[in-house]
Every structure is written in structure tokens, then in C-alpha cells.
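Everything on this sheet refers to the single structure shown next.
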Amino acid sequence: MRHDSRIFGVGKKSAFQKLVKGDPVLQSCANAFTIPNQTTQIIEDLGCQVMSFLFGGKHADSLETMRYNIFSKKVVSSSSFVTPERLPPTESATKLHCRRVYYQIMVWMGMEEGMDAMKWGWKLLDNCFVPLMSRMNAAPDSLLQVIHCNCSTVCKTLRCSCRRYGLPCTTVCGPCQLEECDNPHNKFLPEESDDEDEQ
């Protein structure tokens with residue numbers, strides 16, 4: 001199991017430099033991620049705090065508020081489509097990401113005994129661990145009903161708008177739904193409920 005992703009638009013170097021310079025928020029959170037037997041709630045809260053900080057937020061700023069404010073500013077100033085990856089991640093995705101990071105650190109330290117990877121942001125798919133990306137739908141159900149690709153094939157390329165924007169194909173999509181669709185995002189739909197693995 002490997003986890004070495006980075007945040008879009010936030011380089012590892014800049015985050016590391018803030019840590020080296022002694023930023024108290026980053027230092028306290030980083031230290032907490034090396035302590036065994038932390039609860040998922042503590043890890044999620046600290047992770048969201050760090051993510052907010054990396055995107056320029058204040059101590060009390062939530063990621064959801066920051067996403068909305070940054071999106072609003074970009075819509076006003078941008079002359080083109082505002083891509084989702086240029087916004088802070090959602091709280092749901094951040095919490096699962098932080099669980100995986102903490103679990104990976106425990107594995108590196110040899111202290112993962114008794115930890116269930118399924119409670120730390122992973123799920124089994126075809127006997128392999130794959131990350132749970134989010135517990136939330138990509139958009140409200142009412143909006144998902146009008147977003148569809150209408151592909152004439154099985155969505156093998158990025159010409160498929162659903163695939164290009166990281167969305168699963170749904171029953172309102174075109175002929176691709178008449179046979180097995182190759183959109184890889186179909187395979188990672190969250191199956192767990194919000195409170196299934198809370199501690």
C-alpha cells in the first residue's frame with residue numbers, strides 16, 4: 001500500500017518549508033500524525049485544519065466556506081471555466097485523505113498493529129486496497145440528473161465529459177449505458193454510509 005499524492009496547486013516544497021520554519025499549526029499537526037492510537041476524529045480535525053491553512057485560511061475557516069469564497073472570487077475574475085481542482089478539496093475528501101496518510105505513517109513506523117485499513121480511508125476492490133475518495137456525491141442529485149455525457153461509445157477517452165471531470169456515468173448518460181462503460185470513475189463510487197466507520 002502506497003500513498004504519496006500531493007495537493008493540486010500546493011507543492012510539497014512550500015508546505016515543507018513552512019514546517020521547517022517552525023509554523024506552529026503545521027508542527028503540532030505533524031507531530032500528532034506520528035502518535036499511535038489516535039482517533040479518526042482527531043486525525044480528521046487536524047487534517048482539515050492543515051488543509052485550510054495551506055490554502056491561506058485562518059484558524060476558524062472551514063474548508064467548505066473557503067471553497068465557496070474562492071470559487072466566487074474565481075468566477076468573478078476568470079474569463080474561462082473554473083476547474084474544480086483549483087479549489088480547496090472538500091471536507092469529505094480531506095478527511096479520508098488524512099486517514100490514509102495517518103495509516104501509512106503508522107505502517108512506515110511499524111505501529112499499525114490492530115488498525116483496520118478499512119477504517120482508515122481504504123476499501124477492498126478485487127482483493128486490492130483502493131482509496132475511498134469521498135463519501136459525498138460529486139454534486140446534488142438534482143444536478144447529477146442533468147449532467148451526462150451522451151457518448152456513443154463506452155467512454156474510453158477524455159472526450160467523455162463525465163470521465164474528464166472525474167464523474168461517474170449515470171443512467172441518464174447516452175448509449176454507453178447500454179453496455180459496460182469504461183469510465184474508471186464508475187468503479188470508485190462510495191458504498192459506505194457516513195457513519196459506518198466512525199469511532
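Quick caveat, the model's predicted, so the values are computed rather than measured. Residues take their numbers from the sequence shown, with the count starting at 1.
- Residues forming a side chain to side chain donor-acceptor pair (under 3.5 Å) with N69 (at least two apart in sequence, or on another chain): none.
- The closest side-chain heavy-atom distance from L63 to T90 is not below 4.5 Å.
- Side-chain atoms of P89 and M51, non-hydrogen and from C-beta on, do get closer than 4.5 Å to each other.
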I would like to know whether L46 and Q49 meet side-chain contact (heavy atoms from CB on, under 4.5 Å); could you show each step before the answer?
-> CA-CA 5 Å; L46 292 173; Q49 185 179 347; 4.0 Å; yes
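- For D126 (side chain) and C128 (main-chain N/O), no donor-acceptor pair under 3.5 Å exists by modelled atom type.
- For S62, the side chain to side chain donor-acceptor pair (under 3.5 Å) partners at least two apart in sequence or on another chain are T65.
- Expressed to the nearest 0.5 Å, how far CD1 of I105 lies from CD1 of I43 amounts to 8.0 Å.
- With a 4.5 Å cut-off on side-chain heavy atoms, R163 and C149 do not count as touching.
- Considering C162, C173, C181, P168 in turn, C181 is the only one that fulfils the side-chain contact (heavy atoms from CB on, under 4.5 Å) rule with C155.
- Between the side chain of R100 and the backbone N or O of W122, no donor-acceptor pair lies under 3.5 Å.
- In this structure, the side chain of E91 does not engage the main chain of C48 through any donor-acceptor pair within 3.5 Å.
- Taking hydrophobic clusters as Ile, Leu, Val, Met, Phe, Trp and Tyr residues chained together by side-chain heavy-atom distances below 4.5 Å, V76 does not share a cluster with M66.
- Both M111 and V107 are part of a single hydrophobic cluster, where members link through side-chain heavy atoms under 4.5 Å apart.
- Contact between K123 and L132 at its shortest, heavy atoms only, is CD-CD2, 3.7 Å.
- Residues C151 and R159 have side chains not in contact (no heavy-atom distance under 4.5 Å, counting atoms from C-beta outward).
- Using the six-membered ring where Trp is involved, W120 and Y102 have ring planes that are tilted, between 30° and 60° apart.
- No more than 12 heavy-atom neighbours from other residues, nucleotides or ligands sit within 6.0 angstrom of CG on N37.
- When the side-chain contact (heavy atoms from CB on, under 4.5 Å) test is applied to F71, the partners found at least two apart in sequence or on another chain are V75, V82, L87.
- For the 3.5 Å distance criterion, the side chains of Q41 and D45 qualify, holding a donor opposite an acceptor.
- Of all heavy-atom pairs spanning N31 and I35, the tightest one is O-CG1, 3.5 Å.
- Between T40 atom OG1 and L96 atom CG the span is 10.0 Å, to the nearest 0.5 Å.
- Residues S161 and R164 have side chains in contact (heavy-atom distance under 4.5 Å, counting atoms from C-beta outward).
- Linking Ile, Leu, Val, Met, Phe, Trp and Tyr residues whenever their side-chain heavy atoms come within less than 4.5 Å places V101 and M118 in a single cluster.
- Both M115 and F129 sit in one connected hydrophobic cluster of ILVMFWY residues. Membership requires side-chain heavy atoms under 4.5 Å apart, directly or through other members.
- One distance of note links CZ of F33 with CE of M106; it measures 9.5 Å at 0.5 Å rounding.
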